[in-house]
Amino acid sequence: MARLTGQRRRPVAGALTPQSEDFPRWYQDVVAKAEMADNGPARGTMVIRPYGYGIWELMQSELDRRIKATGAENAYFPLLIPLGYFAREAEHVEGFSPELAVVTHGGGEELAEALVVRPTSETVIGEFMAKWIQSHRDLPLKLNQWANVVRWELRPRLFLRSAEFLWQEGHTAHASHDDALEYLMRIHLEVYNDFLINAMSAPGYLGLKTPRERFAGAINSLTIEGMMRDGKALQMVTSHDLGQNFARVFEIGFQNEDGQSELCHTTSWGASTRLVGGLIMMHGDDQGLVVPPRVAPIQVVVIPVREEPEVLAAAERLVAELTGAGVRAVVDRGRASFGRRVTDWEIKGVPLRIELGARDLAAGQVTLVRRDTSDKLTRPLGGLVGEVTSLLERVQADLLVAAAARRDERTVDVESVEEALEAAQSGFARLPWAVVGEAGEDRLNAGAVSVRCLSRPDGTVPSDVNEPDLLAVVARSY
RNA sequence: CGGGAAGUAGCGCAGCUUGGUUAGCGCGCCUGGUUUGGGACCAGGAGGCCGCGGGUUCAAAUCCCGCCUUCCCGACCA
């Protein structure tokens, strides 16, 4: 990680734990020191601080724009769901009951029917889809909601697994399975994968979940698995083909063109605040967070070396210019020493730092420093805006290339379950799904390794887990 | 939810074994001054229900019981 020229600074008390020393500890240090989140008072709950929430808001707007471009509309459904709704779909209730929070009392009285705090909304939304859909002319129905959900987590970790988290859940109903699948694939590729690649610089492996890893109640679950810098996998997003399972129990039906009654085919798909954790662990380094410019609440920080009126004025002018051009930029007017301010912004992962001192000003220049590579550039003060915007684009692109290179470097192709178990200690392993099978999956799971997804040899998403020649991507995971 | 460890100032810790004055230290914070091109320094200062509840005792941060929370390892998950 030491890329700086000149004297290397020594570790200082209060600095981050190095990733190589203790990755989980490094993660907690970053979350705390970059002021992203705190633990809430009740077990597993999370307080998202402004800097962390700022990243989430940008993720939201990038996702929301793409979701709406597919024709889905936002709506809102209730937090509290009658317990009975969950019981209707057998696999769904079985899958979710261990992590349900149930409200049994209200207004000082025991409730006649307990209410569940939603862990996901297939059931309520199904109920209303049934009410709203009458005819094939009402289809497809494409809804999305931004909401909080609660899942009783036994081993919480900020952003990665919390009892309450924020997400987007999309729910659609279609007249045919083909139409549902076509739309689902569009969500997976044009919304999720495009968002991950272009907004988060986060490449992943796309594929299908194995039957045991599937969403409770789905006939297929699609996933995008990202590799964290410790070689473990994180499921970044999921999209589910629910077939007619929910349509059957919630009676989501319609009359076709021939006047016949048919059941709808539904889908659901989600992306959560877990993505913030993924961003931290995919791009962060020993200096702290590294935020891709498109989701960075602060893209550029201008650091005046000293508190000198001319320098401060020049810094303010520069920020005004950048802001005017749509760049999210701030001046650090803090009185801490130069070095301290620099490291504080490094921990926060601000993509680009502009150092401005009396010497620079006299020479009519500034020093630009990239967070991702620590490269320093000297550039004329005039006409910096174009330089900065193109540099931000380059950082965005280079982060993707670097993350993909790390992923490829730590993914090995193997031929047996034993080799896969070995390889998964430091990264991902890929092997024919045919040599894994149910029994192999058991052995992997026994070794704390799981099949993250099944992919075609060319990396595309299979339409069915029984397709021939599929590859299993296996890894330890979060 | 099972196994382990831990909760003392915002953060990191000492004190507890062997109960007994105003509970300490480092970092951070406040005030003033000197500083500032890679985690500054000096002086002065503020800040504590010792996780919560109960018990033992003349006396509890310290001993006992219960609970809550956090971290690590497992089983479950976005």
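Lettering of chains follows the sequences in order, A, B, ..., and the numbering in each one begins at 1.
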Between [atom2] on [N] and [atom1] on [X], what's the gap in Å once rounded to a whole number?
{"X": "A/R335", "N": "B/rG28", "atom1": "CZ", "atom2": "P", "answer": "14 Å"}
{"X": "A/Y192", "N": "B/rA78", "atom1": "OH", "atom2": "C1'", "answer": "10 Å"}
{"X": "A/D332", "N": "B/rG37", "atom1": "CG", "atom2": "P", "answer": "14 Å"}
{"X": "A/M228", "N": "B/rA78", "atom1": "CE", "atom2": "P", "answer": "15 Å"}
{"X": "A/L312", "N": "B/rG37", "atom1": "CG", "atom2": "C1'", "answer": "15 Å"}
{"X": "A/Y478", "N": "B/rC77", "atom1": "OH", "atom2": "C1'", "answer": "15 Å"}
{"X": "A/Q235", "N": "B/rA78", "atom1": "CD", "atom2": "P", "answer": "5 Å"}
{"X": "A/D286", "N": "B/rG38", "atom1": "CG", "atom2": "C1'", "answer": "16 Å"}

Is NZ or CZ of A/R306 both nearer than 6.0 Å to the six-membered ring centre of A/F338 and within 45° of the ring axis?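 No, A/R306 does not lie over the aromatic ring of A/F338.
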
Between [N] and [M], how far apart are the two [atom1] atoms, rounded to whole Å?
{"N": "B/rC29", "M": "B/rG12", "atom1": "C1'", "result": "15 Å"}
{"N": "B/rA60", "M": "B/rU70", "atom1": "C1'", "result": "25 Å"}
{"N": "B/rU22", "M": "B/rU18", "atom1": "C1'", "result": "23 Å"}
{"N": "B/rC41", "M": "B/rG28", "atom1": "P", "result": "8 Å"}
{"N": "B/rG39", "M": "B/rG55", "atom1": "C1'", "result": "49 Å"}
{"N": "B/rU69", "M": "B/rG24", "atom1": "P", "result": "32 Å"}
{"N": "B/rG15", "M": "B/rG48", "atom1": "C1'", "result": "15 Å"}
{"N": "B/rA61", "M": "B/rG51", "atom1": "P", "result": "10 Å"}

Inter- and intrachain pairs under ring pair (Phe, Tyr, Trp, His ring centres under 6.0 Å), touching [range], at least two apart:
{"range": "residues 344-364 of chain A", "answer": "none"}
{"range": "residues 266-301 of chain A", "answer": "none"}
{"range": "residues 204-226 of chain A", "answer": "A/H92-A/F215, A/F96-A/F215, A/Y205-A/F428, A/F215-A/H240"}

Sequence neighbours left out, what passes salt bridge (charged side-chain N to carboxylate O under 4.0 Å, His left out) with [X]? Give chain and number order.
{"X": "A/E307", "result": "none"}
{"X": "A/R333", "result": "A/E316"}
{"X": "A/E438", "result": "A/R212"}
{"X": "A/E153", "result": "none"}

Start at the 5' end of RNA chain B and walk down; is the nucleotide closest to A/G339 or to A/T273 reached first?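 Closest to the 5' end, via its nearest nucleotide, is A/G339.
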
All N/O pairs under 3.5 Å across the protein-nucleotides 71-76 of chain B interface:
unit_1	atom_1	unit_2	atom_2	d
B/rC71	O3'	A/Q28	OE1	3.2
B/rC73	OP2	A/R155	NH2	2.3

With a 3.5 Å limit on both atom pairs, tell me what [N] is paired to, counting Watson-Crick and G-U wobble, or say none.
{"N": "B/rC52", "value": "B/rG66"}
{"N": "B/rU22", "value": "none"}
{"N": "B/rU36", "value": "none"}
{"N": "B/rC71", "value": "B/rG4"}
{"N": "B/rG44", "value": "B/rC30"}
{"N": "B/rA59", "value": "none"}

Are any protein N/O atoms closer than 3.5 Å to N/O atoms in nucleotides 6-11 of chain B? If there are, list each pair with its distance.
none

Looking for any heavy atom pair under 4.0 Å, which part of the strands does [X] touch: base, sugar-phosphate only, or nothing?
{"X": "A/T120", "answer": "nothing"}
{"X": "A/E355", "answer": "base"}
{"X": "A/A271", "answer": "nothing"}
{"X": "A/R353", "answer": "base"}
{"X": "A/A336", "answer": "base"}
{"X": "A/S97", "answer": "nothing"}
{"X": "A/L160", "answer": "base"}
{"X": "A/G270", "answer": "nothing"}

With the stacking rule set at 5.5 Å and 30°, tell me whether A/W167 counts as stacking on B/rA78.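 According to the criterion (under 5.5 Å, under 30°), no, A/W167 does not stack.
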
Is the backbone of A/T223 close enough, under 3.5 Å, to the side chain of A/H188 for a donor and an acceptor to pair up by distance?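 Confirmed, A/H188 side chain pairs with A/T223 backbone.
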
Can you figure out which of B/rG38, B/rG39, B/rG37 approaches the side chain of A/D344 most closely?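 Shortest atom-to-atom distance from the side chain points to B/rG39.
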
Nearest-neighbour nucleotide for the A/R340 side chain, B/rA78, B/rG39, B/rG37 considered: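 That would be B/rG39.
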
Polar contact flag, side-chain donor to acceptor under 3.5 angstrom, A/Q365-A/T378: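 No - no donor-acceptor pair under 3.5 Å links their side chains.
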
I'd like to know if the side chain of A/Q145 pairs up with that of A/E169 as donor and acceptor (distance under 3.5 Å, no hydrogens or angles considered).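 Looking only at side-chain atoms, A/E169 and A/Q145 do form a donor-acceptor pair, the distance falling under 3.5 Å.
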
Is any NZ, NE, NH1 or NH2 atom of the basic residue among A/R66 and A/E62 found under 4.0 Å from an Asp or Glu carboxylate oxygen of the other?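 Salt bridge between A/R66 and A/E62, a charged N being under 4.0 Å from a carboxylate O: yes.
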
Give a yes or no on whether a salt bridge exists between A/K68 and A/D64, defined as a side-chain N under 4.0 angstrom from a carboxylate O.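 Yes, A/K68 and A/D64 are salt-bridged.
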
When you measure from the side-chain N and O atoms of A/S337 to the phosphate of B/rU36, is any distance below 4.0 Å, counting only OP1 and OP2?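 False: A/S337 side-chain N/O out of range (4.0 Å or more) of B/rU36 OP1/OP2.
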
For B/rU70, does either OP1 or OP2 sit under 4.0 Å from a side-chain N or O belonging to A/R43?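 Answer yes for this pair, as a side-chain N or O of A/R43 is under 4.0 Å from OP1 or OP2.
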
Let me check something: any side-chain donor-acceptor pairs from residues 36-43 of chain A under 3.5 Å, sequence neighbours excluded? List them with distances.
unit_1	atom_1	unit_2	atom_2	d
A/R43	NH2	A/L154	O	2.6

Which pairs, with at least one residue in residues 74-101 of chain A and sequence neighbours excluded, count as a salt bridge (Lys or Arg N to Asp or Glu O under 4.0 Å)?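 Residue pairs passing salt bridge (Lys or Arg N to Asp or Glu O under 4.0 Å), neighbours aside: A/R88-A/E127.
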
Under 3.5 Å, N/O pairs linking protein and nucleotides 43-52 of chain B:
none

